[in-house]
Structure formats: structure tokens, C-alpha cells
Chemist: 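I am attaching a structure below and will ask some questions about it afterwards.
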There are 2 protein chains.
Amino acid sequence: MLHEEVVGRIRAILLDGEIPPGARIPERELCDRLQISRTPLREALKVLAAEGLVQLLPHRGSRAAKLTDKDMRDLFEVCQGLEALAGELACERITDAEIDEIAAAHSDMVKHYREGDLIQYYRGNRAIHEAIVTAAGNPVLVGLYASVTARIRRARYVTPMTPQRWALAVKEHEAILNALQRRDGVGLAHILRAHLRHKREEVLQAGFAETEGSELTLRIA
Amino acid sequence: MLHEEVVGRIRAILLDGEIPPGARIPERELCDRLQISRTPLREALKVLAAEGLVQLLPHRGSRAAKLTDKDMRDLFEVCQGLEALAGELACERITDAEIDEIAAAHSDMVKHYREGDLIQYYRGNRAIHEAIVTAAGNPVLVGLYASVTARIRRARYVTPMTPQRWALAVKEHEAILNALQRRDGVGLAHILRAHLRHKREEVLQAGFAETEGSELTLRIA
DNA sequence: GGGCTCCATTTTGCATGCAAAAATGAACTT
DNA sequence: AAGTTCATTTTTGCATGCAAAATGGAGCCC
């Protein structure tokens, strides 16, 4: 089994919320499950700890990282900064084909919005932001963005998505696409900052979902 | 020996350029030197690989990461974005004491500039940027910034620091300090972007120093 | 002489083993 | 009955061992 695969699988387990934040990571159990010994598992845990998904306690094992409100705010701030940077860079480099792709993803997302399918809407939303980051043509940026968004997604939260907020988000996305098409980097950076600021406000208002709880009606996958 | 210590020591070895970029990392030798077995060493190498300092080749061991011109450009771009973000955030949160500290570091740096001590100047320069990032009060940002700057420093380069360029850099730093004191976040972000853009141009013009070579008169430590 | 093949050596990747530290729990004291 | 202490069990962290893969080089073919 390749090292990277182990890291990926444990990351997936964490992102799926199978091990709730703050919970101990059962070394032996994961070994059995992944059919590996403790050595590669521990290597993977160290890597994930460096990524911020796992918390290592000396002589006390590893726990799934628990994110405080402050951590969340910090992550959103950085995410915002990275997206704004990506937007600016993307405007300099993005190809027409890439713009078309994002435009397609956008109208797809709007379709889900019209249908009221929040889950699919979020999926499309993520795809668009990821496409912009990719279009920036900067692998370093892609890596950091992936790390930050992974940690954000790790702390699954509920957003009380009111029709007004949702409409605003869609409108902002229209503006994002528009700025991209005009290749207006500065304008796009502005919009992206505002876009994430709104999102962040939602999150902080909503607080966090108890990961153990099953009473929540909506989770963002 | 604590795991983190091993990571730190190997990172230091890499940053010191003791193992040149692209060179194989001699596992056994490092084991002997650090008085540890291969298990914790390999864990540390995996972590450093996740950080981008080490390149892991399946069944072929690990090499010190070799950065191409493109990698450097990417790193500088992201570094610029992070510093601009830090500047904006710092303006919202920085205390007077922190500003005083940066001001002191600044005049210290200017002193080294007047004395023509480029090495000390760079040290001061770094201290100021790090202080700004710290003042942003965002540990996530601090972590990403550290990772990016470590990789940049890893690829030691020479800058053909002409008096004009140097004077410009100092002037920009004056403006940075000024914006901080006025807590003008947007303005600071602008200046920081321009500041790093100038630096980036220098770097790309200069190309990279051969790390093995000793013929170079200046290295940035 | 150049290039290929095959085998010995080295190195990597993982499993296992062992000592030390923490968690557990039972007995004992108050 | 609650708290404390100490021994047992479990878990962690690291060293070591072993099989598989890669490296290097001698011999061989063309």
C-alpha cells in the first residue's frame, strides 16, 4: 500500500466525519481496517498533523483536530485571502476554455439553486472556486488552498441559508463570473473578498454542528 | 528525542543548504548523526515532504526538493498574497506596542542599510515581515507563511542589489511602516503587493545560485 | 568498444518486538 | 462511601528485522 494512499484514506475518514473532532484516533482499529501495520499509519498521522487535521499528544496518541470558533475564523480569513489572490492571478492567465467551463459549472449551480437543492448547489459552488484556484496556474496556491478548505470542511457546519442569503450568494457568483470574463482581476478580488466575508458571517452566526449529533437536518458534504 | 525536534533539525539542515537541492538525503547518515533509528527519521521526512521541502520518490528514497524558476515564481506569488492579507488584518488588530516594535526593527534595518550591511539588512527585513504576519493574529496564516518562506529561503539566491533597488526597497518599507501606523489596511496591502513584486522581479532576473558553488559573494541566510 | 544481461549489494518500505509512559481498576484507608 | 494508592493492562514511541525493489558492476554478446 502506497504511503500517499494511506494519507488519503485517513483524510477521507476524517473529512467524512467518521471520527468526530476531538475523538481519539484508534490506531489498532485503523490498522486492521486498512490492512497495514502501525508504522505507515503513524507516518500518515504525522503528515495529517502537519496539515492540521490531526492533533498529536505526546504519549497520549492522536486525536481528530477540534476546531474552535477562532480557528474557523482564521481558516476563513486565509481562505478568503487565497481565493482573492487566485482570482487576480486567474484573470491574468485563464483561457477562454476555462472560462467556459466555469460558466457551465455556474449555470449548473444556478439550476440547483432554482430547484432548491442546497447540497448540489454547494457542490457546484465548491467546484467553481476550485476551478478559479486551478486557473490561477499556481500549484503552491492550489496546495495551500486544498489544505485550508479541507480543514474548513472537516468542521461540518450548518448554514441557516435563508432565501435572501442564498439569492445574494448567487448574485455574487454572477459578479464573479462576470469579472472573470472581463478578466478584471482587481474587481474579482474585491468580489471574492466580499463573497467570503458574507459566508464567514453566516458560519459564525450559525455556530458549529455537533458532529456526533444526528438531529441536524443539513450537513454540507 | 521528540518527533518535532527531528523535523526541526532536518528542516534546519535543509534550510542551511547542507544538503543541496536535488541531492539525495542519506538516511543512514542522518540516523547516525541524530542518534535515532530510521523510523522517526522517515516520519520526519514524510512531514517535510508534505511541507514541500523534501521530494519522495517511491522505492528510490528522498531528495531535497529542487525548485524550478516556476516554483520560485509561484512561491513568491503566494508569499505576496499572504503578506498582503497579513497587512490588511494586522491593521485591524495591531497594538501600539507591536507597531513600536516594528518601528524599532525598521530603524534597525535602516541603520544596516546605511552601513551597507546587506546580510543584517535582510535579517531585519525578514523580522519586519514576520512581525506583520504575527500581528495579524491568525495562527493559520502564520503557519502557511512559515511554510512558504521556508521553501523560498531553501532556494538560496543572489540578488544583484543595486543601490537604486536597495533605496527603493527601503523607501517601500517606510511606506509599509507608515501605513501600519495609520492602520490603513487597504493601502498597506497595495504597498506589500508592489514590494514583493519588485523583489520577485529581482529574483527572476538574478536566477538561482548554485548551492554547491562557493564562488558566490552573497547569500541570503 | 558499446551496449545488454544477470547477479550481488544496497536501500527502501513495512511488520514486528520491546521498553517506557499512560490509562485502568481493584484494594485499602479514612 | 469517597478518595487515594498501587499493580495490571493497554498504548505509545522507537529500534530492529526482513522481504521487495533499485543500484551497481562484472561478464557477455554484437
Chemist: Looking only at side-chain N and O atoms, does B:R60 come under 4.0 Å of OP1 or OP2 in D:dA20?
Modeler: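 Answer is no, no contact under 4.0 Å.
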Chemist: State which residues pass side chain to side chain contact (heavy atoms under 4.5 Å, CB included) with A:V142; sequence neighbours excluded, sorted by chain then number.
Modeler: A:V133
Chemist: Round to the nearest Å and state the distance from B:I25 atom CD1 to C:dT12 atom C1'.
Modeler: 14 Å
Chemist: Decide yes or no on side chain to side chain contact (heavy atoms under 4.5 Å, CB included) for B:L41 and B:I10, but give the supporting numbers first.
Modeler: CA-CA 9 Å; B:L41 180 79; B:I10 300 173; 3.4 Å; yes
Chemist: Quick one: A:L34 CG to C:dA15 C1', roughly how many Å, whole number?
Modeler: 15 Å
Chemist: Nearest nucleotide by nearest heavy atom, which residue falls closer to the 5' end of DNA chain D, A:S62 or B:P58?
Modeler: A:S62
Chemist: Heavy-atom contacts under 4.0 Å between residues 37-56 of chain B and DNA chain D, which residues?
Modeler: B:S37, B:R38, B:T39, B:P40
Chemist: One pair to check against salt bridge (Lys or Arg N to Asp or Glu O under 4.0 Å): A:R28 and A:D32. What are the steps and the verdict?
Modeler: CA-CA 6 Å; A:R28 182 152 301 284; A:D32 293 349; 5.2 Å; no
Chemist: Once you measure the plane-to-plane angle for B:H173 and B:H106, does it fall in the parallel (<30°), tilted (30-60°) or perpendicular (>60°) bin?
Modeler: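 B:H173 vs B:H106 ring planes: parallel.
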Chemist: Rounded to the nearest angstrom, tell me the gap between atom CG in A:L30 and atom P in D:dT12.
Modeler: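 To the nearest whole Å, that distance equals 11 Å.
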Chemist: Under a 3.5 Å cutoff, is there a donor and acceptor pairing between the side chains of B:Y145 and B:E130?
Modeler: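 No, no side-chain donor-acceptor pair sits under 3.5 Å.
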Chemist: Can you check the A:H59 NE2 to C:dA19 C1' distance for me, whole Å?
Modeler: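 These atoms are roughly 11 Å apart.
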Chemist: What is the distance, rounded to the nearest whole Å, between atom CZ of A:R28 and atom P of D:dT9?
Modeler: 17 Å
Chemist: Once you round it to whole Å, what is the distance between P of C:dT16 and CD of A:E27?
Modeler: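 Spelled out: CD on A:E27 to P on C:dT16 is 15 Å.
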Chemist: Could you give the CD-to-C1' distance, from B:E5 to D:dG13, as a whole number of Å?
Modeler: 14 Å
Chemist: Measure CG/A:D32 against P/D:dT11 and give the value in whole Å, please.
Modeler: 12 Å
Chemist: Before you tell me yes or no, could you show the steps for B:D96 and B:R183 under salt bridge (Lys or Arg N to Asp or Glu O under 4.0 Å), namely the whole-Å CA-CA distance, both residues' side-chain angles and the distance that decides it to 0.1 Å?
Modeler: CA-CA 10 Å; B:D96 289 335; B:R183 291 186 166 76; 3.1 Å; yes
